[in-house]
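Taking it in order: structure first as structure tokens, then the write-up.
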Amino acid sequence: MALEIFTEARLDELLAAATTEAELDEIEALWDASIEAERLAAIGNLRKNSIKLLGLMDKMATHIKKLRSVSGLLSNDLTDKMLTEIGDIHARFHDDEGSKRTFSTTDDVVENKNDEDVVSGSDDKKPLPAPTGEVLDTPTPLSSSKYVALADEYVRFFNGAAFRVTHRAKVEKFANIAVSNKSRYEAVGEPLKIPWWFIAGIHQLESTYNFKAHLHNGDSLKSRTIRVPAGRPVTGSAPFTWEESARDSLSFQKLDNLKDWSLPRALWRWERYNGFGYRKRGVPSPYLWSFSSIYLRGKYVKDGKFDGGATSAQCGTAVLLKALMEMGEVDLETDVIAEPGTEPADTADQNSTDPTPNTDQVATSGHPFEQFFIDNLGDIKHFGWREFLFKGNSHATNGLNSDPPEDLWPQIIPVARVLDKLREELNAPIRITSAYRNQAYNSSLSGSASRSQHMAFRAVDFQVIGNGNPASWAAKLRQYRNDGLFSGGIGVYNSFVHVDSRGINADW
């Protein structure tokens, strides 16, 4: 007997026609299966109409509050109970499809600290680079959690992100909901110096705009948080107000009292909030990019549990921000693009005619970077692996620099290939005067950029010995960039040229 969605009349008809106990058992089993199929169909339809559901619950809550304001019509206790029940329904719905942390315990979380203590905020802000018109289709993100390594990727992905046609209407509705709650987000954010739209992005991802749930993770405000981060807020008593929870969550994440809210900073902080686990799997985080061309599939279905076939049903924070910017509700900048910092002790060296490569004698054979270089740049003709580990002339006196961390090594590959091509065409030695710089070393250089590309190990300062001048070397590099060999920055100085592979083009 084929499965069908039964009505009670159809059930009575089949029962009347049954002649054996086995047929009665089969009819009962089919009835149970029919009820389950109907339940699953209802859930599927509910998920497809999630925005309508949220809108309906919001209207219900609004009407309940209005009824409360009419004296004697509804008691405060009754309306509080009704509003709490709506919030609980909202939370259960969100939990089916909501964002999960990429870590399962607090031990896996990127340390909560003021990121501007690590890479200081810049006062030199620039307009966002104009979009090139190129739409990025599921690009592979860098496997790093360091802001300095990711800042320009965020700008490149943001400019290359297009709304998926099937989701654009949902994105716009989510953006309108954010704007409708702007005053509430501002009331929490302004004392903490956090922009309202940043809080709105977290609220949408963590609880689908539920004001009866913790901003930390969508848990009910009736108690402290249960999931990661558990036990928040640590002070006060339940039930908590949304504002109390929001202030605690944002302060716990060290997001308060920061001065730099440029685009790359905001995207890095949003991603840190959810976790950097997607990067290890080569998947752009749906917490940022869901509903756009950047993201296709792959999702953490439980805290710390990844499913490569699952797809996020939520709107990413970067995509929400893009919609808010299109609506004229938000206007963002990026931070400094040029790299004014130079090696003070390099002046004589960079005017030298000595073709001997700059190398650090401590980089002896057997260094792990040597094998990496052989495996990834074994076809390079004119450079040895030690040259890219040169720590700079100032290091000889201040000892502040270090070797680049292993997770940044792949980022030097495009620059190395560009330099090798330039060396081949000019038929003249190229001397690298600065490659990787750690935070302490970079800060020691006069006028250095707060998030220099050298800190991401994707930049090199160099001089060509005996052929041309910085302007002519830079002209060659621009030709390579126009030909699509790389995308990045080119800076011309009195005696050397800076080149990097930041992913967006910049000249100075």
Side-chain angles (χ1 to χ4, degrees), residues 99-103 108-110 115 118-119 128-129 131-132 134-164 167 201 205 262-301 304-312 314-322 334-335 372 376 404-415 451 453 455-459 486-489 500-505:
S99 294
K100 304 298 186 292
R101 294 292 192 270
T102 70
F103 41 83
D108 300 323
V109 181
V110 173
D115 58 86
V118 180
V119 180
L128 290 178
T132 62
E134 175 191 13
V135 174
L136 294 180
D137 185 9
T138 59
T140 301
L142 296 171
S143 181
S144 177
S145 61
K146 295 180 175 63
Y147 172 70
V148 69
L150 303 178
D152 287 289
E153 179 188 274
Y154 287 133
V155 177
R156 183 167 64 90
F157 279 17
F158 191 83
N159 277 348
F163 300 128
R164 291 200 179 275
H167 291 83
L205 265 295
S262 60
L263 175 70
R265 285 283 188 178
L267 299 192
W268 185 85
R269 289 165 182 161
W270 266 328
E271 187 168 4
R272 185 188 70 172
Y273 202 98
N274 182 244
F276 291 97
Y278 286 100
R279 292 184 173 275
K280 298 176 183 177
R281 301 178 183 276
V283 175
S285 173
Y287 202 85
L288 297 178
W289 306 112
S290 182
F291 288 11
S292 80
S293 60
I294 301 295
Y295 169 80
L296 183 60
R297 66 172 61 89
K299 182 178 184 290
Y300 280 83
V301 293
K305 184 178 180 181
F306 181 76
D307 183 344
T311 301
S312 173
Q314 294 182 282
C315 174
T317 50
V319 180
L320 177 71
L321 179 59
K322 201 172 182 76
T334 188
D335 52 6
F372 170 85
N376 295 276
E406 187 174 354
D407 63 327
L408 297 185
W409 292 354
Q411 305 209 127
I412 199 62
I413 293 174
V415 174
R451 62 170 176 86
Q453 302 302 315
M455 295 169 64
F457 199 36
R458 57 173 168 232
F486 76 106
S487 178
D500 65 60
S501 58
R502 67 184 65 194
I504 54 175
N505 294 339

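As the structure is a prediction and not an experimental result, all values here were calculated from the model.
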Pair T317, L205 - check side-chain contact (heavy atoms from CB on, under 4.5 Å), show working. CA-CA 7 Å; T317 50; L205 265 295; 3.6 Å; yes
Quick one: do E153 and L142 satisfy side-chain contact (heavy atoms from CB on, under 4.5 Å)? Show the steps, please. CA-CA 8 Å; E153 179 188 274; L142 296 171; 3.3 Å; yes
Take S144 and L408 through the test side-chain contact (heavy atoms from CB on, under 4.5 Å) and record every step on the way to the result. CA-CA 8 Å; S144 177; L408 297 185; 4.2 Å; yes
Checking side-chain contact (heavy atoms from CB on, under 4.5 Å) for the pair L263/W268: CA distance, chi angles, key distance, verdict? CA-CA 9 Å; L263 175 70; W268 185 85; over 6 Å; no
Show your reasoning for whether side chain to side chain donor-acceptor pair (under 3.5 Å) applies to Y287 and R272. CA-CA 10 Å; Y287 202 85; R272 185 188 70 172; over 6 Å; no
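Between P284 and G282, the closest heavy-atom pair is CD-O, 4.0 Å. Here the shortest heavy-atom pairing between A318 and F158 reads O-CE1, 3.4 Å. Counting all heavy atoms, side chain and backbone alike, A310 lies closest to V301 at CB-CG1, 3.8 Å. Annotation for V319 and S292: closest pair CG2-CB, 3.6 Å, computed over non-hydrogen atoms.
Between the side chains of Y154 and E271, a donor-acceptor pair is found at a separation under 3.5 Å.
A distance-only check finds a donor-acceptor pair linking the side chain of Y295 to the backbone of S312 [under 3.5 Å]. Using a distance-only test at 3.5 Å, with no hydrogens or angles considered, a donor-acceptor pair links the side chain of D500 to the main chain of G489. Side-chain atoms of W270 do not come within 3.5 Å of backbone N or O of G201 as any donor-acceptor pair.
At a threshold of 4.5 Å between non-hydrogen side-chain atoms, the residues Y278 and P286 count as touching. Counting heavy atoms from C-beta on, the side chains of Q453 and V415 never come closer than 4.5 Å. You'll find the side chain of R279 reaches within 4.5 Å of the side chain of L150, heavy atoms only. For the pair Y147/L267, no side-chain contact is recorded, criterion being any heavy-atom separation below 4.5 Å from C-beta on. In this structure, R281 and F306 have side chains that are in contact, with non-hydrogen atoms separated by less than 4.5 Å.
Residues satisfying the ring pair (Phe, Tyr, Trp, His ring centres under 6.0 Å) test with F291, not counting sequence neighbours, are H167. The side-chain hydrogen bond (donor to acceptor under 3.5 Å, both in side chains) search around S487 returns N505, not counting sequence neighbours. By the salt bridge (charged side-chain N to carboxylate O under 4.0 Å, His left out) test, R156 pairs with no residue at all, sequence neighbours left out. Scanning for side chain to side chain contact (heavy atoms under 4.5 Å, CB included) contacts around R297 gives T311, with sequence neighbours left out. Take P139 and apply the side chain to side chain contact (heavy atoms under 4.5 Å, CB included) test, not counting sequence neighbours, and it matches L136, F157, I294.
The OG atom of S290 lies 9.0 Å from the CZ atom of R164; values are rounded to the nearest 0.5 Å. Distance check: K299 NZ to S285 OG gives 10.5 Å after rounding to the nearest 0.5 Å.
Identified under the salt bridge (Lys or Arg N to Asp or Glu O under 4.0 Å) test for residues 137-148, with sequence neighbours left out: K146-D407.
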